[in-house]
Protein chains: 2
Amino acid sequence: MINARQLEVLTTVIEVGTTLRAAELLGVSQPAVSNMIRHTEDLIGITLFERAKGRLVPTKEARLIAQEAQHLFMQQKRVSRIVREIREGSRGSLTIAASPSLGLGLVPRVIGEFATGAPQLRVSLELGSIDVICDMLASGQADIGFALTQPRHPAVSHEAVGAGEMVCVCPPGHPFARMRRIGVADLNQVPHISYSAATPLGQMIDRVFAEKGLERRYAFEVRHTATALEMVAAGLGVALVDSFGLIGRRADNLERVAVEPSMPIRINAMMPRLFPTSSLAISFLDRFRTVTGAAG
Amino acid sequence: MINARQLEVLTTVIEVGTTLRAAELLGVSQPAVSNMIRHTEDLIGITLFERAKGRLVPTKEARLIAQEAQHLFMQQKRVSRIVREIREGSRGSLTIAASPSLGLGLVPRVIGEFATGAPQLRVSLELGSIDVICDMLASGQADIGFALTQPRHPAVSHEAVGAGEMVCVCPPGHPFARMRRIGVADLNQVPHISYSAATPLGQMIDRVFAEKGLERRYAFEVRHTATALEMVAAGLGVALVDSFGLIGRRADNLERVAVEPSMPIRINAMMPRLFPTSSLAISFLDRFRTVTGAAG
DNA sequence: TTATCATATAACACCCGATTATACGGTTTG
DNA sequence: CAAACCGTATAATCGGGTGTTATATGATAA
C-alpha cells in the first residue's frame with residue numbers, strides 16, 4: 001500500500017514546509033521529493049497537499065497520516081537498534097548450564113567479564129549434573145554447557161576449553177604452605193576437606209589413592225570445589241581443588257601447593273548438535289578460553 | 001539498515017520452515033527468498049540461518065529479530081488501515097460551525113446520516129453567530145460553517161448549498177391547516193411564535209411586514225426556528241420557520257402551509273480561504289446538498 | 001539407483017527511486 | 001518593470017533492489 005519511505009518523505013515535507021528543505025534533510029534531490037509525493041498521492045488516492053501559489057500546503061489527511069506514521073518510525077528504529085546490538089554481541093540471551101564445580105566458581109567469573117559493558121545482555125546460569133546439562137542442551141533449554149566430565153549423549157557435542165590439574169589449597173601458615181609439592185598420601189595426615197565418592201572428583205581422587213594402595217581419609221565431605229575453597233579459606237583444613245577455581249580469586253587467604261601425582265583435569269564445553277550454536281555462545285566460549293588459557 | 005520486506009521474508013521462512021513454502025506464501029519464487037535471506041545476512045552481518053543437511057535452521061538471533069519485527073508489522077497494518085479509512089471517508093475529524101437556526105435542526109440531521117457506518121469519524125458541532133463562525137473558520141478551529149446569512153470576512157469563502165423559503169407551521173386541526181396558503185398579515189390574527197428583532201430571521205420578517213405597512217405581533221418570542229418548531233408541536237400556536245428545519249421531521253404533529261409573499265432563504269456553506277478544505281468537509285458538503293436538494 | 005525435496009547459483013528482466021537539466025509560476029527587489 | 005530569487009513540476013535517464021526462469025547440488029526416502 002504505502003511504504004515507509006513514502007511516509008518518511010511525507011512527514012519530512014510537512015515538518016519543514018518545502019520540498020527543497022525536505023530534500024536537503026533527506027539527502028536527496030528536490031525532484032525526488034516532488035515525484036515521491038505525487039506518486040504517493042496517486043497510489044493511495046488521497047490528496048496530501050494543496051498547491052497554493054506555488055507552495056505545498058498539507059491537508060488534514062496528510063497531517064493525520066504523518067502523525068500515525070510516527071509509531072511506525074519508532075518500531076523501525078527499535079528493530080534497527082536491536083539488530084545493531086545483536087551484531088555487536090551486546091544483546092541476546094544466553095543460557096548456560098554448568099556442573100556445580102564450575103558453575104559456582106569459574107563460570108560466574110567469566111560471565112562477569114563477558115557481561116560488563118553489555119547491559120542488554122541476558123545471561124542465565126543453570127546448575128546441574130552432567131546428565132541434566134545434556135538434557136537441557138538437547139532440548140534447546142540451554143545454549144552451552146560446561147563440566148569437568150565428558151558428556152555421553154548423542155545430541156551433545158563437546159570440546160576441551162581448558163586444561164588444568166588438581167592442586168592443594170591450604171590456609172596461610174599451614175605446614176603444607178612451605179612445601180613445593182605434596183603427595184596425595186600426605187593428605188591423610190592432616191584434617192582435610194574432600195569430595196563424596198559419588199562425585200566425579202571424588203572418584204578420580206579415590207582412583208589415585210587406590211593406585212598407591214591407600215584409602216582416602218578426610219574430615220569434611222563436600223560435593224563442590226567452591227564449597228571446599230570456602231571451607232579452606234575459613235581455616236577448616238586443606239583440600240584438593242581444580243586449578244580453575246582459583247582463577248581470579250585473591251590469594252591473601254589461601255596458599256596453593258602442587259600435588260604429586262599430577263591429576264590432570266579438563267573443562268568440557270558442550271553444545272547441542274540439533275540447534276545451531278548462537279554467535280553469543282561462540283563469543284562466550286572465546287572469552288572462556290582466554291580466561292582458562294591465561295591461567296590454566 | 002534492514003527493511004520491512006527483508007523482515008517479512010525472514011519471519012515467513014522461520015514460520016513455515018523452508019524457503020519453498022515461504023515463497024509460496026509470499027507469492028514469489030523460491031530463489032527470490034533464498035537470495036533475499038543471503039542478501040540480508042550480508043547486509044546486517046548476522047548469520048540468520050545455519051545450513052544443516054540442506055535445510056535452513058534459524059539461529060537464535062534470527063528468532064529474536066523476527067519476534068521484534070512483529071511490532072513493526074503491527075504498525076504497518078495500522079497505518080495502512082488508517083489510510084484506507086481516510087480514503088473511504090470513514091476516518092478523520094470534522095469540526096462544523098453553524099448558526100443556531102441550522103445547528104439545532106438541519107445540520108445535526110445531516111451529521112447523523114453522514115456518520116452512520118463510520119465509527120472512526122469524529123464530528124464536532126459548534127454553534128455561534130455568523131461572526132463567531134467566521135472567526136473559527138479563519139483561525140482553523142472549524143473546517144466548514146453553515147448559516148442562513150452571508151459571511152463578510154476576507155478569509156472566508158461561501159456558497160449556497162440549499163434554497164428554500166419560510167413556511168408556516170401549525171398544529172394539526174388549526175384553522176390554518178385547511179388553507180392552501182396564508183398571508184403574513186394573517187399571523188397577527190392568531191397566537192403565534194416569532195423571532196427577536198435582533199435575529200436575521202426576525203429582521204427579514206419585519207421587513208416583509210413593513211412593506212405591507214404592518215407591524216408584527218406575536219405571543220411568544222424565540223431566537224431559533226428549532227425552538228419555534230417545538231413550541232408549535234406543543235400546541236402553543238403557529239410559527240414561520242425555514243423549510244429546511246422540516247426536513248426529515250415526522251409530520252404527524254405539524255401541518256405545513258405556504259406563506260404569501262414568498263420569503264426565500266438560502267443556506268450558506270462557508271469555508272476558510274487560508275486552509276485547504278479537507279476531503280471530509282467536501283464530502284459532508286455533498287451530503288448536505290443532497291439532503292437540502294431533495295426537499296428544499 | 002532413482003525419485004523427491006530443499007537450497008543455491010546463474011543470467012536476465014523490470015520497476016522504483018534516484019539523478020541532472022530545465023521550465024514555470026510567484027514574490028521580492030533595485 | 002525587469003531582474004533575481006524561491007519553490008515546484010516535468011523530462012530524460014540511470015542504477016540497483018527485487019523479481020524471474022533454468023539448472024545445479026546435496027540430502028533423504030523408496
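In what follows, chains are A, B, ... by sequence order, proteins preceding strands, each numbered from 1. Note: hydrogens, waters and symmetry copies are ignored here, and every other heavy atom, side chains too, is used.
Atom pair A:Leu20:CG and D:dG7:P shows a separation of 6 Å (rounding to whole Å applied). Per the geometry, CZ belonging to A:Arg38 stands 14 Å off C1' belonging to D:dA11, to the nearest Å.
For the atom pair OG1 (B:Thr95) and CD (B:Gln141), the distance works out to 9.0 Å, reported to the nearest 0.5 Å. Atoms NZ and OG1, on B:Lys60 and A:Thr277 in that order, are 11.0 Å from each other to the nearest 0.5 Å. For the atom pair CD of A:Gln67 and OG1 of A:Thr11, the computed distance is 12.0 Å after rounding to the nearest 0.5 Å. For the atom pair CZ (B:Arg38) and OG (B:Ser34), the distance works out to 7.0 Å, reported to the nearest 0.5 Å. Taken to the nearest 0.5 Å, the CZ atom of A:Arg51 stands 5.5 Å off from the CG atom of A:Leu56.
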* Heavy atoms under 4.0 Å is the rule here; annotate nucleotides 17-30 of chain D 5' to 3' with B where the base is hit, S where only the sugar-phosphate is, and - elsewhere. => -SSBBB----SS--

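A salt bridge is defined here as a Lys NZ or Arg NE, NH1 or NH2 lying under 4.0 Å from an Asp or Glu carboxylate O, and A:Glu8 with A:Arg5 meets this definition. A salt bridge is defined here as a Lys NZ or Arg NE, NH1 or NH2 lying under 4.0 Å from an Asp or Glu carboxylate O, and B:Arg109 with B:Glu113 fails to meet this definition.
Counting 5' to 3', DNA chain C first comes under 4.0 angstrom of a heavy atom of chain A and last does so at the ends given by C:dG17 to C:dT27.
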* Asked: Does the side-chain contact (heavy atoms from CB on, under 4.5 Å) test come out yes or no for B:Asp135 and B:His153, once each step is laid out?
  -> CA-CA 8 Å; B:Asp135 283 344; B:His153 194 289; 3.9 Å; yes

